[in-house]
Structure formats: C-alpha cells, structure tokens
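See below for the structure under consideration.
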Protein chains: 2
Amino acid sequence: MPERLLLGPGPSNSNPSVLKAISLQPVGHLDPFYINLMAEVQSLLRYCWQTKNRLTLPMSGTGSAAMEATIANVVEEGDTVLIGIKGYFGNRLADMAGRYRANVKTIEKDWGEAFTLDEIEAALIEHRPSVFALVHAETSTGVCQPMEGIGDLCRKYDCLLLLDTVTSLGGVPLFLDEWKVDLAYSCSQKGLSCPPGLGPFTINERAEAKLNRRSDKVPNWYLDISLLNKYWGSDRVYHHTAPVNMNFGMREALRLIHEEGLENSWARHRTNAESLWNGLEDLGLELHVDKDIRLATLTTVRIPSGVDGKAFTSHLLNNFGIEIGGGLGSLAGNVWRIGLMGYNSKVENVEKILEIFDSELPKFKS
Amino acid sequence: MPERLLLGPGPSNSNPSVLKAISLQPVGHLDPFYINLMAEVQSLLRYCWQTKNRLTLPMSGTGSAAMEATIANVVEEGDTVLIGIKGYFGNRLADMAGRYRANVKTIEKDWGEAFTLDEIEAALIEHRPSVFALVHAETSTGVCQPMEGIGDLCRKYDCLLLLDTVTSLGGVPLFLDEWKVDLAYSCSQKGLSCPPGLGPFTINERAEAKLNRRSDKVPNWYLDISLLNKYWGSDRVYHHTAPVNMNFGMREALRLIHEEGLENSWARHRTNAESLWNGLEDLGLELHVDKDIRLATLTTVRIPSGVDGKAFTSHLLNNFGIEIGGGLGSLAGNVWRIGLMGYNSKVENVEKILEIFDSELPKFKS
C-alpha cells in the first residue's frame, strides 16, 4: 500500500481519528446507539452548512449521488431547469437534469470565471425556470461563485436555488439559509477530511413543498428523500441498510470541525491558500483564476508552455508520493489543480508542495 | 461505542482484517495502485458469483443501489417486468420497476415458500415479460429459491433473468453462469464480512445487449453502467470519486473468501446453520421454512405464542449486546430472524445464541 499525500482535487487525506472511527465494528442500522449518532451527524451537518433545514442528512453514496438526489427529488418531467455552466460539474448537472426529463436550459461562462447578478437575472427572465442550479466551488476551475443576491433573484422569479457545495463545505464560508439556498449537496472527502463514500444533502421547506406537490413517485428509489425521511426522521422506517461505518467516520469528522470552530476552519483554509498562491507566483507561475473569485480549497495553476503537465504529475506521484490533479474538459493540458482541503490544509503541506515545484519543475522545462 | 454481536438479518460483523484495510489512508481514485486493486476486486467478485461476466463491479452504494442499478439499466418505459414476490424484497423490486415506468406484473407466494418451475413458466407464458426478477435468498423469510431450470425457461421465453443474491453471495452455493442468470446484485455486509456501503453488481452480454439497444439514456446517472464501464473498464474515464476505503475493505474481504475457498465457505455456513436449526428445535422452537428450501445464512424462527418478540430482542441487545431481527411485513410479530453470515458463521456464535435462547426465553413466556 503506497503512502500518498493527496493534494489534488480530492479525495484529500483523512484525519487519522476519522479512519479510526471507520474501523470500529459495525452496529445495526436500527440500533439505538446508531440512531443517536445519526441525529448528531444531522445536527453537525446543519452547523457546517449554516442551515436549519430539518431534512439534512448524508446520502449513502458519493457526492455525485447527492447531486443526483437534489435533481431527482424536485424535478418533474417538463420542468424547466436552468443550469449555470462554468466548468465540468455544471455539465454534469445538465446531463442529470435531462435524464429526469427536464427542459434543460443553460447559461455559460468561460472556465475560470463566475456569473454576475445581471447575467443570472437575464437568464431567469428569459427562461423562467422552476430550478436554477449553480456550482458554488467549481473543482474543475478553482472558481468560487460570489453568492450575494442570487437567492433573492431566485425568490423574485419564483424558482428554487440548487447549490453544489462539494468543494466548499467545511473549507469556505457557506451560509445556506442567509443565501436563501433551497437545495444543496456536498461530499465527504474534501473539506470534511473523511474518505469518499457519503454525500451530504439538504433541502428546505420551500423545496420540500415542490417535492410534496409531485404527481408521481420520485423516479429514483434509492435517493427518494420522502422515503429516506421516514428513516432519518422520527419514524425510523427501514429503507436501506445504512453504511454505518462511513457514518461513524462522518460523525468524527464533523465533531472535529465543530471542535476547531467553523470560522477557524475557513480562516485556516484561506491563510494556507494565500501562502500557496504567493509561493507559486514567487516561482514565476501564473494562477488561472482572478484573486477575488479564487477558491481557497482548490487552486488552478497554469502549466508553463513547453512543460508536459502529465509527465510532471506522474513524476510527483511516483517519486514523492504526492498527488496533484491535471485539468478537466477545456482546461485539460492547461492547468494543474492543487487542493488544500480539510486535514491537508496545513502549513507543512504548503511548504512541501512549493519546495517540490521549486526543485522539480525546472527539470521539465525544455 | 457499544460492542455488538450482529446475528440479525445484516449487517453482520466485519472481519477485523477488513476493518484494518478500510482504515488505511485513501489514495486517489485514478492512482495506478487503486486501478490494480479495482481489477482484483472485479476478478474476485466473478469468482464468488461463479461468473465470467466482464461487467462485474461494486456499485458505490449499498445493496439497494445495486438492486436499482439492475432495473435502471435494462428497463425501458413500457417494458413488461415480471416480479416473483415471496417476501419484502420482491415488493421493493416491484416498486423500483414502476418508477422506471415498467409495465409491472407480479406472481406471489406466501412468505416462507418458494416458486415452482410450473408456476414460473405459466407466468412467463401469460405475461411474456422482458425481464423476470426473482430473489434467490429472501432475507425477510429465510427461503432459498431453488434455481434449477429457471434460466432455461427465461431463455425459452426470451426474457432476462434478474437475481437478488444479497443474502446468498459468499454464504450459499451460487452459480450465475450455470444458472443462466443475466443480471444480479448483492451487498457487502452479509456473506462478505465487510461493513455495509458497497453493492456488487454484474451483468452478462445478453443483458448488456438490451442496454445497448436503449433508445434513451439510462434514467439514472449515478448507476448508469455504460458510464461506469468507462471507469471500471480499460478507459478509466472519471465518473465519480470512488469510495476507495470501502473498496480496500472489499478487496480484503474477497481475498479472505478466496483463501478459505468458496466451497469451504458454503459448507461452513451450511454446517453452522444446521447446528442452529437442530438446537432451536431441541429447545422446542419451530422453524418457519421447510428444510429443503431453508436458507443457511438466515433462519426464521416462529415466536412462541404468548411471547412479546420485540421485548425479547430488546432484552438480548441491551443485556447481552446481541442483535437478532424481528419479522418484516406479513411476518412482523410472528418470527425472529437469526443470521449466521460471513465472519459470524462460526460454532461459538451458534453455541452462544442457543445458550441465550435456552436461559432467557423462558423468562418471556407467560
């Protein structure tokens, strides 16, 4: 088993105490002990997202399952769903919404930019969607979408706001209720310092009302929140056998964030990211995203011309056990992606990656 | 954290070496090391199922996700799907198939019985389904469906055979290819001695041909095997971030079965189950299922009249840390369910549960 320092787009390394929690013997999914643990997980997730949403729980799949859960539950055949696409994961939302027979409309920005309020308002007026879906922290580009005012626009034009917080939860300021976000999802393996395998999901009463108005069953049994609610809610009706060990880890991961303090966790991610940005620029490298919309958890660095980006990442993995990511989609071959997330957002990792760029990158310049 | 001996319908306890594997630091889901591990998991799953199916892999969700994956991939709107219902999980298959807009037909047997070949043939002739779905090992009743001849009937009437092997994989003889099963699924937390969280899935070329003839996209992104095939197949195209730690555990669990030998594992489950059956009958208890169709991994015992079944299971959990299950659906209040699965199928557990029934049950008789 190789030792890896995971400084790519995720998974990040897990906190060792999370791994210890995961390795305990399972208990039954209806055991009173587990039912208490579930309630704690729900309460701590609400804290991390800054929401009071009753229906806040980890889906028993990865972040992509939680993404699909948001779409599957509130989209009915023929609903207009507007997707803001400014990276890889906007495209995925559009693909999913199409599978649930939505009338999919998109607005697009170059990969590395964010939407303005004016652009969003114009699209809401043009398409009058039932749902507007947006990625807060685009893992493929390193952009953090400014959120101020978007929720108000969605209320004004009577649509639900669905937010991808996969690469922001735990690492970047997030205020779901204040921002008037109606549905959101995330993952376990980034800001939360857990292994991949759980997909936090939350839905407010406004979105739940749309779900309750459905004329058909949710066309996805596993992710049907009306069934899951009976298990995670007070009835504890058996739905599926919960991944109990992953939830042991999730509880420990969330407890650690609570212990550190959410604002302290955000500040730590920001400080370490700024050190990374300064260090990379000191080495003569160019960052892909403007500083005012740059994401603290994931940084996109332009690959200098003449350098084989993939050869460099393989060199780092094979000789130093360090994983950084390449570009996706339109950024493939153009950027590297460096993540400082959760447990891995620390000074020594910033220093290590900067030292390695300093010593190894010159070997790849022709 | 309470210590539990899980002798219910699942999860079962995990093998300690599986838990150790799960607690290792994650690696990237595209790491060459992980890609080799995935190939091993696939090959070992084929061994446990006795199949050569290329598309054999663990879905990144629990057994219910894998169940839904079988339906989602091969069922198109309007397809007739015939479900053999003889317990709780047949009903679940029917619910799922309806969500995928199938024309759902059912045949039913009392909970505790199995279908005969004549009953199946008559239903195939009457409904001419595209898919016939059946539960091999019904966790809700303790029945093991005899499989001889069913695959031939499905070929004769040109339909796919879909088999639930959730409570049989690893613990009960299973010969997917010999039985001409076209699609099957299972879980990680029973015969495989892993925590819950992964859903083994397999599909043969006959079922894949139906998938390839679809006129629309699979109406479920997360479980779309044509996308997953690109990741688990040779292309390694990014689909979702795999639950790497759960797969570390899965590999170790499958390796242990291979080391023991599949036939030895089946024989161990059978021997321990027979000791349990004899012991329970010696205590004057009645087993719910006829011996010739009785499942080795899960035994249903009739609750003696006058005994509060739920009070007894709570007593066992609270005072002895032992979990056994109550009845589901039409068997609620009528039976207990005792599982001897995977790591927990051993002589000392049989002795322990029999001793506890012997000493504690009389206290609950009025």
Side-chain angles (χ1 to χ4, degrees), chain A residues 1-4 6 8 10-14 16 19-20 22-29 31-33 60-65 67-68 72 92 95-96 98-101 187 189 195-198 216-224 238-246 248 317 323 325 328, chain B residues 1-4 6 8 10-14 16 19-20 22-29 31-33 60-65 67-68 72 92 95-96 98-101 187 189 195-198 216-224 238-246 248 317 323 325 328:
Chain A
M1 200 79 165
E3 271 207 35
R4 302 296 196 209
L6 302 173
S12 184
N13 288 85
S14 296
L19 294 172
K20 202 172 154 198
I22 285 179
S23 71
L24 296 170
Q25 276 288 353
V27 298
H29 50 287
D31 193 301
F33 166 81
S60 302
T62 69
S64 296
M67 177 191 274
E68 187 152 2
R92 175 169 298 183
D95 181 359
M96 283 183 185
R99 290 171 193 246
Y100 288 87
R101 305 184 182 216
C187 73
Q189 74 274 11
L198 291 177
D216 57 349
K217 282 188 190 176
V218 172
N220 186 316
W221 184 90
Y222 191 63
L223 302 176
D224 182 344
Y238 167 60
H239 179 253
H240 66 274
T241 301
V244 292
N245 290 56
M246 285 301 303
F248 294 168
L317 188 70
E323 181 176 275
L328 280 178
Chain B
M1 200 77 164
E3 270 207 35
R4 302 295 196 211
L6 302 173
S12 183
N13 288 85
S14 297
L19 293 172
K20 201 171 154 199
I22 284 178
S23 72
L24 295 171
Q25 276 288 352
V27 300
H29 50 286
D31 192 302
F33 165 80
S60 302
T62 68
S64 296
M67 176 192 275
E68 187 152 3
R92 175 168 299 182
D95 181 358
M96 282 182 185
R99 290 171 193 247
Y100 289 87
R101 305 185 182 215
C187 72
Q189 75 273 11
L198 290 177
D216 58 350
K217 282 186 188 176
V218 173
N220 186 317
W221 184 91
Y222 191 63
L223 302 176
D224 181 345
Y238 167 60
H239 180 254
H240 66 273
T241 300
V244 291
N245 289 57
M246 285 300 304
F248 294 168
L317 188 70
E323 181 177 277
L328 280 178

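Chain identifiers are assigned alphabetically (A, B, ...) following the order of the sequence lines, protein sequences preceding nucleic acid strands; residue numbering begins at 1 within each chain.
Between chain A and the options P32(B), P243(B), P16(B), G98(B), the largest number of non-hydrogen pairs under 4.5 Å is found for P243(B). Listed options S60(B), P2(B), G63(B) were ranked by heavy-atom pairs under 4.5 angstrom with chain A; first place goes to P2(B). The greatest number of non-hydrogen atom pairs below 4.5 Å with chain B, out of M67(A), K20(A), R101(A), R4(A), is found for R101(A). Taking chain B as the reference chain and counting heavy-atom pairs below 4.5 Å, the highest number among L24(A), V244(A), L328(A) is found for L24(A). Comparing I22(A), D31(A), L223(A), V218(A) by how many heavy-atom pairs each has under 4.5 Å with chain B, the most go to D31(A). Listed options N13(B), N220(B), V27(B), T241(B) were ranked by heavy-atom pairs under 4.5 angstrom with chain A; first place goes to N220(B). Ranked by heavy-atom pairs under 4.5 Å with chain B, the list W221(A), F248(A), Y222(A) is led by W221(A). Top candidate by heavy-atom pairs under 4.5 Å with chain B, chosen from M1(A), E3(A), R92(A), is R92(A). Note on G61(A), G197(A), S14(A), G8(A): by heavy-atom pairs under 4.5 Å with chain B, the leading option is S14(A).
Only the side chain of Q189(A) comes within contact range of chain B, judged by heavy atoms closer than 4.5 Å. With a threshold of 4.5 angstrom between heavy atoms, M246(A) approaches chain B through side-chain atoms but not through N, CA, C or O. Proximity to chain B is absent for every atom of A72(A), based on heavy atoms less than 4.5 angstrom apart. Interface residue Q25(A): backbone and side-chain heavy atoms are both found under 4.5 Å from chain B.
Between M96(B) and S64(B), the closest heavy-atom pair is CE-O, 3.5 Å. A pairwise comparison of heavy atoms in P11(B) and L6(B) identifies O-CB, 3.2 Å as the closest pair.
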